[in-house]
Colleague: 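This is the structure I have questions about; it appears just below.
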Amino acid sequence: MTSKKSATKGGSKSADKDRMYEVRQSPVHGNGVFARRPIAAGERIIQYKGQRISWDKATRRAEKAGGPINHTFYFSLADGRVIDGGRDGNDARWINHACTPNCEAFEDEGKVYIHAMQDIEAGEELNYNYALIYDERHTPALKKLFACRCGAPDCTGTMLAPKRRAKK
């Protein structure tokens with residue numbers, strides 16, 4: 001069986017040597033993605049890949065796995081579908097959340113790409129703000145389920161997007 005790392009780059013030593021990032025243990029949470037070389041602001045780093053499914057199917061998968069929907073590799077698309085990075089996904093699924101991110105995700109013609117928002121130094125962990133949308137009330141218990149561990153001075157404590165306030 002091939003390792004995930006070599007499978008994502010075809011096992012080529014020269015391709016691995018030239019990669020701009022690597023996956024390793026993160027001080028933030030689980031695995032993380034780290035710059036292997038300086039990355040310039042605006043540079044495209046990786047496409048977020050995985051199986052494209054409906055939200056209904058995503059919800060069923062999360063329930064079947066026995067975990068809440070927030071502990072998945074799901075990425076919402078503008079057309080209402082979801083990319084499940086846990087199925088046929090790539091290293092992009094390991095990019096952690098941060099309240100003050102150095103990357104951002106862009107959707108272009110149904111594909112999601114991660115780009116550097118600023119210059120990133122070699123060794124720096126890549127991250128973007130997940131800004132998860134959750135319709136229910138943001139209770140303390142819910143915020144705990146979606147707790148942020150980024151450690152930024154301006155950390156909001158949650159990966160949830162702020163609720164939009166109703167206009168008066």
Colleague: Applying salt bridge (charged side-chain N to carboxylate O under 4.0 Å, His left out), can you list everything that pairs with D56, at least two apart in sequence or on another chain?
Modeller: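 If we apply the salt bridge (charged side-chain N to carboxylate O under 4.0 Å, His left out) test to D56, skipping adjacent residues, there are no hits.
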
Colleague: Side-chain atoms of residues 126-133: list all donor-acceptor pairs with protein atoms under 3.5 Å, sequence neighbours left out, distances to 0.1 Å.
Modeller:
residue : atom : partner : partner atom : Å
N127    : OD1  : N102    : N            : 2.9
N127    : ND2  : E125    : O            : 3.4
N129    : OD1  : A131    : N            : 2.9
Y130    : OH   : I95     : O            : 2.6
Y130    : OH   : H97     : N            : 3.4

Colleague: So how far is it from N90 CG to Y48 OH, rounded to the nearest 0.5 Å?
Modeller: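 Here the rounded value is 8.0 Å.
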
Colleague: Using side chain to side chain donor-acceptor pair (under 3.5 Å) as the criterion, list what pairs up with E43, not counting sequence neighbours.
Modeller: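 Here the qualifying residues are R37.
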
Colleague: Please determine if E109 and K111 form a salt bridge, counting it only when a charged side-chain N lies under 4.0 Å from a carboxylate O.
Modeller: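 Looking at K111 together with E109, the answer is no, because their closest N to O distance does not fall below 4.0 Å.
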
Colleague: Identify the heavy atoms of D119 and A41 that sit nearest to each other, and give their distance.
Modeller: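 Closest pair (atom of D119, atom of A41, distance): OD1-N, 2.9 Å.
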
Colleague: Looking at C150, is its backbone amide N or carbonyl O close enough to the side chain of N96 to form a donor-acceptor pair, meaning the two atoms are under 3.5 Å apart?
Modeller: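 Flag not set: sc N96 to bb C150 has no pair under 3.5 Å.
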
Colleague: Identify all side-chain donor-acceptor contacts of residues 153-160 below 3.5 Å with residues at least two apart in sequence or on another chain.
Modeller:
residue : atom : partner : partner atom : Å
D154    : OD1  : T100    : OG1          : 2.5
D154    : OD2  : T100    : OG1          : 3.1
T156    : OG1  : T158    : N            : 3.4
T156    : OG1  : T158    : O            : 2.9
T158    : OG1  : F146    : O            : 3.3
T158    : OG1  : L160    : N            : 3.1

Colleague: Cation-pi check for F34 against R36: NZ or CZ below 6.0 Å from the six-membered ring centre and within 45 degrees of the axis, yes or no?
Modeller: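 So R36 doesn't make the cation-pi contact.
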
Colleague: Can you name the residues that form a salt bridge (charged side-chain N to carboxylate O under 4.0 Å, His left out) with R87, not counting sequence neighbours?
Modeller: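 With sequence neighbours excluded, R87 shows a salt bridge (charged side-chain N to carboxylate O under 4.0 Å, His left out) to no residue whatsoever.
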
Colleague: Measure up the Y74 and W55 rings against each other and bin them: parallel (under 30°), tilted (30 to 60°), perpendicular (over 60°).
Modeller: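 Perpendicular: the ring planes of Y74 and W55 meet at over 60°.
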
Colleague: Only one of I46, I120, V33, I39 clears side chain to side chain contact (heavy atoms under 4.5 Å, CB included) with M20; which?
Modeller: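 When I46, I120, V33, I39 are each tested with M20, the side chain to side chain contact (heavy atoms under 4.5 Å, CB included) holds only for I39.
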
Colleague: What are the two closest heavy atoms between I45 and A116, and how far apart are they?
Modeller: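 Distance-wise, the nearest heavy atoms are CD1-N, 3.8 Å.
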
Colleague: To the nearest 0.5 Å, how far apart are CH2 in W94 and OG in S26?
Modeller: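 Those atoms lie 11.5 Å apart.
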
Colleague: Give a yes or no on whether the backbone of K49 and the side-chain of D88 come within a donor-acceptor separation of less than 3.5 Å.
Modeller: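 A pair under 3.5 Å: no.
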
Colleague: Among the clusters formed by ILVMFWY side chains lying less than 4.5 Å apart, do F73 and V28 turn up in the same one?
Modeller: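 In one cluster: no.
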
Colleague: Look at the side chain of N31 and the backbone N and O of V23, then say whether any donor-acceptor pair between them is shorter than 3.5 Å.
Modeller: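 Here the side-chain-to-backbone pair does not exist.
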
Colleague: Which pair of heavy atoms, one from C103 and one from M117, lies closest together, and at what distance?
Modeller: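 Closest heavy-atom pair between C103 and M117: O-SD, 3.1 Å.
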
Colleague: Restricting to side-chain contact (heavy atoms from CB on, under 4.5 Å), what partner residues turn up for D108, sequence neighbours left out?
Modeller: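 Checked D108 against side-chain contact (heavy atoms from CB on, under 4.5 Å); matches are Y113.
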
Colleague: Which residues satisfy the ring-ring contact (aromatic ring centres under 6.0 Å, His included) test with H115, sequence neighbours excluded?
Modeller: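 If we apply the ring-ring contact (aromatic ring centres under 6.0 Å, His included) test to H115, skipping adjacent residues, the hits are F106.
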
Colleague: Measure from the side-chain N and O atoms of R93 to the backbone N and O of G85, and report whether any donor-acceptor pair falls under 3.5 Å.
Modeller: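 Confirmed, R93 side chain pairs with G85 backbone.
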
Colleague: Considering residues at least two apart in sequence or located in another chain, which fulfil the side-chain contact (heavy atoms from CB on, under 4.5 Å) criterion with K57?
Modeller: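 For K57, the residues satisfying side-chain contact (heavy atoms from CB on, under 4.5 Å) (neighbours in sequence not counted) are I53, S54, R60, R61.
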
Colleague: Taking salt bridge (charged side-chain N to carboxylate O under 4.0 Å, His left out) as the definition, give me every residue that meets it alongside R52, ordered by chain and number, with sequence neighbours left out.
Modeller: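 If we apply the salt bridge (charged side-chain N to carboxylate O under 4.0 Å, His left out) test to R52, skipping adjacent residues, there are no hits.
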
